[in-house]
Protein chains: 2
Amino acid sequence: MTVPGDRRKFRREGADQRKEALVRATLELIAEEGVRGATVRAIAERAEVTQGLIRHYFSTKEDLVLAAYTRHMGAMTDQTFASAVGTTAKARLAALLVASVTPPVVDAASVGLWAGFLNHVRQDARMQDVHARTYHGFRDRLEALIAEVLRDAGRGADDRECRRLAIACNAVIDGLWLEGGALPQAFEAGELAEIAVQSVGAILGLDLTEAEAQQ
Amino acid sequence: MTVPGDRRKFRREGADQRKEALVRATLELIAEEGVRGATVRAIAERAEVTQGLIRHYFSTKEDLVLAAYTRHMGAMTDQTFASAVGTTAKARLAALLVASVTPPVVDAASVGLWAGFLNHVRQDARMQDVHARTYHGFRDRLEALIAEVLRDAGRGADDRECRRLAIACNAVIDGLWLEGGALPQAFEAGELAEIAVQSVGAILGLDLTEAEAQQ
DNA sequence: AGGTTAATTATGCAAGCGTATAATTAACCG
DNA sequence: CGGTTAATTATACGCTTGCATAATTAACCT
């Protein structure tokens with residue numbers, strides 16, 4: 001004799017909101033324990049649904065992981081460039097640098113997410129696609145911004161040189177992003193931003209600190 | 001009626017060699033699939049033993065993973081500093097930079113390993129210990145080398161400044177290491193080394209290219 | 001209101017996981 | 001050469017995994 005209320009109560013939601021909640025839960029768990037640690041059951045629990053529902057929206061775990069990755073990569077790039085505002089190219093570059101090494105772009109979860117995805121991306125062609133698109137998109141925009149900054153400063157630079165500078169600046173950004181996310185307690189507030197602006201300025205042979213202040 | 005030879009043949013080995021083989025297999029698998037993907041059975045298979053043997057040498061999987069991590073971190077640091085030879089501090093710094101962004105330090109497996117370990121390190125106090133020791137050890141040695149280079153160049157720098165420069169240089173190294181390992185096909189041979197030497201030179205306000213050539 | 005249906009839960013299955021323990025056997029010693 | 005023993009294999013247990021399918025039920029439509 002089973003009492004009613006035995007079965008779990010639930011509210012119906014639109015497909016978009018449920019998918020969104022599942023993706024968010026997936027990202028959280030991948031950040032904490034990697035793709036393999038983000039089990040279907042754990043994801044369902046964090047999204048406050050039962051595991052069967054996942055299969056209703058994503059035909060396989062792999063599909064869910066891909067959706068989560070795509071959403072995350074887009075959000076990262078958008079977040080970073082959204083902060084890169086300013087009247088001059090120099091100011092926009094400085095703002096971009098600061099945003100890249102400051103929360104919420106820099107944080108432990110974000111680095112954890114990156115690490116959690118890395119090996120998975122290597123073994124899945126669809127994820128490699130998303131990655132390549134995002135990465136090169138970011139670097140191209142950075143390269144264009146650098147070219148503009150150099151032009152404003154009256155310093156022409158050919159494509160090869162611009163490419164090299166973009167790679168170097170990107171490396172500084174990535175390196176600081178990495179260290180800031182992996183060892184947050186190792187740096188004082190603003191220290192990473194200061195280092196980023198000074199280092200990229202040094203690489204480009206320009207003083208970016210004024211641009212940072214002015215903005 | 002079981003025929004003899006049913007049971008697998010094996011050769012006995014010394015404890016050190018077996019442990020070494022198990023650690024190596026563990027590192028390979030963690031680089032490919034993360035800690036969770038490096039299952040006891042997969043490790044045993046790659047080391048060409050049966051899974052029971054792992055328990056004979058390491059009382060738990062966690063112990064094996066810790067041993068592998070400790071060995072890997074030590075090897076990375078040793079490998080990098082072993083290349084940092086030269087008559088002047090400047091030459092040693094240049095050599096260190098080149099080694100840091102060149103195989104075998106830079107390679108896909110190494111970055112995969114780093115990513116595979118990251119989230120695991122976060123959740124295990126013993127591994128955090130090993131990590132902190134290795135990381136700070138590396139940065140301290142880099143900072144000392146930078147201080148020496150600046151002194152040789154007649155440019156005094158207080159501790160705070162040296163620390164900042166070491167962080168920035170370390171970030172460049174890490175960033176290039178990361179990009180080189182994650183996207184090997186994105187760079188031409190020697191491109192990363194050139195960028196590293198030029199960028200760190202720019203950050204320190206010195207020309208390191210001569211030192212690199214002379215060495 | 002009450003029937004319909006798609007969103008959600010519940011249950012089950014085969015494979016893989018870490019760990020424990022018993023059975024073998026290669027290598028060493030006297 | 002035969003006995004001893006530690007290195008190694010074999011087997012098993014309980015739990016978790018991704019996936020499949022059946023059973024419910026909340027919300028919408030007329």
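Order of the sequence lines fixes the chain letters, A, B, ..., with proteins taken first and strands second; residue numbering starts at 1 for each chain. Because only heavy atoms are used, hydrogens play no part in the values below, and waters and symmetry mates are left out as well, while side chains stay in.
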K.L.:
What donor-acceptor contacts under 3.5 angstrom involve side-chain atoms of residues 106-114 of chain A, with partners at least two apart or in another chain?
P.N.:
unit_1	atom_1	unit_2	atom_2	d
A:D107	OD1	A:S110	N	2.9

K.L.:
Sequence neighbours excluded, which residues qualify as side chain to side chain donor-acceptor pair (under 3.5 Å) partners of B:R163?
P.N.:
A:E191

K.L.:
Identify all pairs in which a protein N or O lies below 3.5 Å from an N or O of nucleotides 28-30 of chain D, and state each distance.
P.N.:
none

K.L.:
For A:Q128, what residues pass the side chain to side chain donor-acceptor pair (under 3.5 Å) criterion, not counting sequence neighbours?
P.N.:
none

K.L.:
Only counting residues at least two apart or in another chain, list the ones meeting salt bridge (charged side-chain N to carboxylate O under 4.0 Å, His left out) with B:R46.
P.N.:
B:E28, B:E32

K.L.:
Excluding sequence neighbours, so at least two apart, what forms salt bridge (charged side-chain N to carboxylate O under 4.0 Å, His left out) with A:E62?
P.N.:
none

K.L.:
Going by number, which of residues 117-126 of chain B have a non-hydrogen atom under 4.0 Å from DNA chain D?
P.N.:
none

K.L.:
Under 3.5 Å, side-chain donor or acceptor atoms of residues 135-145 of chain B against the rest of the protein: list the pairs with distances, not counting sequence neighbours.
P.N.:
unit_1	atom_1	unit_2	atom_2	d
B:Y135	OH	A:E179	OE1	3.0
B:Y135	OH	B:N170	ND2	3.3
B:H136	ND1	B:A132	O	3.1

K.L.:
Taking only residues two or more places apart in sequence or in another chain, which ones pass salt bridge (charged side-chain N to carboxylate O under 4.0 Å, His left out) with A:R71?
P.N.:
A:E20

K.L.:
With sequence neighbours left out, what residues match A:R133 under salt bridge (charged side-chain N to carboxylate O under 4.0 Å, His left out)?
P.N.:
A:D129

K.L.:
Tell me the ring-ring contact (aromatic ring centres under 6.0 Å, His included) pairs involving residues 17-76 of chain B, sequence neighbours left out?
P.N.:
B:Y69-B:F117

K.L.:
Mind calculating the distance between CD (A:Q17) and C1' (D:dA26) to the nearest angstrom?
P.N.:
15 Å

K.L.:
Taking C-beta and beyond as the side chain, do B:L93 and B:E148 meet within less than 4.5 Å on heavy atoms?
P.N.:
no

K.L.:
Sugar-phosphate atoms are those with a prime plus P, OP1 and OP2; base atoms are the rest. Using that split, label each nucleotide of nucleotides 7-23 of chain C B, S or - for protein heavy atoms under 4.0 Å, 5' to 3'.
P.N.:
BBBB-B----BBBS--B

